[in-house]
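These notes concern the structure reproduced below.
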Amino acid sequence: MLGELIPVGGGDTIPLLRPRLVVGRREGCDLVLEYGNVSSRHCELELVDGYWLVKDLNSSNGTKINGVRVKKAWLMPGDEISFARQTFKIDYNVIPGTTPPVMLDSGEDIQMSLLEKAGLQQVERRPRPKPPRSQPNPAADGSSGARSAPHNDDERAFEWLQSDE
């Protein structure tokens, strides 16, 4: 046995007998969960270098690790994994002192911070264009009211965006 899924709240454990398992509601899946909110092919569990990796298969109700929805993530012993609303604790043995392999097949795995993956960090927003430098009020300084020419490309672009033409 390569590990097991223990239902949170009680029930029979599910042994993980092969290194790659498809979880879903469909009869052809390796682990069949007969619940209406579990997709027909919900996710895949794969044992890679001694660690379980979960990949969501575009399920309707999602796959969560410790309450955080994921597309792909490593499972550590004791983590809770939810297929839709069905939650299990994963139990398996790892070699002490080892860590899960780095995921290299998608740039997001190694470039996203943990806060981004957990949805706790705000998405970087583009800065708004700076307003043009304030022009002297024609009535206050007695000038004819004609605008001076913009000094740089940014100011020209901003004025063009504000023009009615």
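Keep in mind that this is a model prediction, so the values were computed, not measured.
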Open item on the list: Is there a continuous path of hydrophobic side-chain contacts, each under 4.5 Å between heavy atoms, that joins V94 to F88?
Closed with: yes
TODO: Run through L17, L16, V22 and flag the one making a side chain to side chain contact (heavy atoms under 4.5 Å, CB included) with D30.
DONE: V22
Open item on the list: Just verifying a value: how many Å separate N61 CG and S39 OG, rounded to the nearest 0.5 Å?
Closed with: 6.0 Å
- [ ] Please report the closest heavy-atom contact between S40 and C29, naming both atoms and the distance.
- [x] O-SG, 3.2 Å
Task: Nearest heavy atoms of L2 and R18, plus distance in Å - done: CD1-C, 3.4 Å
Task: Residue pair I81, L45: steps toward the side-chain contact (heavy atoms from CB on, under 4.5 Å) verdict - done: CA-CA 11 Å; I81 181 169; L45 295 172; 4.1 Å; yes
Task: Pair I90-W52, side-chain contact (heavy atoms from CB on, under 4.5 Å): steps then yes or no - done: CA-CA 9 Å; I90 189 162; W52 283 99; 3.9 Å; yes
Task: Co-membership, hydrophobic cluster, residues I14 and V23, 4.5 Å side-chain - done: yes
- [ ] Measure across P15 and M1 and return the closest heavy-atom pair with its distance rounded to 0.1 Å.
- [x] CB-SD, 3.6 Å
Task: E46 and K55 ion-paired at < 4.0 Å - done: yes
- [ ] Using side chain to side chain contact (heavy atoms under 4.5 Å, CB included) as the criterion, point out the one residue from L5, I65, L47, L53 that pairs with L75.
- [x] I65
Open item on the list: Which residues pass the side-chain hydrogen bond (donor to acceptor under 3.5 Å, both in side chains) test with D56, not counting sequence neighbours?
Closed with: S59, T63
Open item on the list: Against C43, only a single residue in N58, V54, V70 fulfils side chain to side chain contact (heavy atoms under 4.5 Å, CB included); can you say which?
Closed with: V54
- [ ] Not counting sequence neighbours, list each pair that qualifies as a ring-ring contact (aromatic ring centres under 6.0 Å, His included) and has a residue in residues 22-48.
- [x] none
- [ ] Working to the nearest 0.5 Å, report the span between CZ of R85 and NZ of K64.
- [x] 10.0 Å
Task: Smallest separation among heavy atoms of Q86 and N37, with atom names - done: NE2-OD1, 3.4 Å
Open item on the list: My understanding is that only residues two or more places apart in sequence, or in another chain, count here; which of them pass side chain to side chain contact (heavy atoms under 4.5 Å, CB included) with E80?
Closed with: V8, N66, T87
Open item on the list: Could you check whether any side-chain heavy atom of P100 comes within less than 4.5 Å of a side-chain heavy atom of M76, counting everything from C-beta outward?
Closed with: yes
TODO: Please work out which of the three classes, parallel, tilted or perpendicular, describes the rings of W74 and Y51, given edges at 30° and 60°.
DONE: perpendicular
Open item on the list: Within this structure, what is the CZ-CG distance for the pair F83 and L31, rounded to the nearest 0.5 Å?
Closed with: 7.0 Å
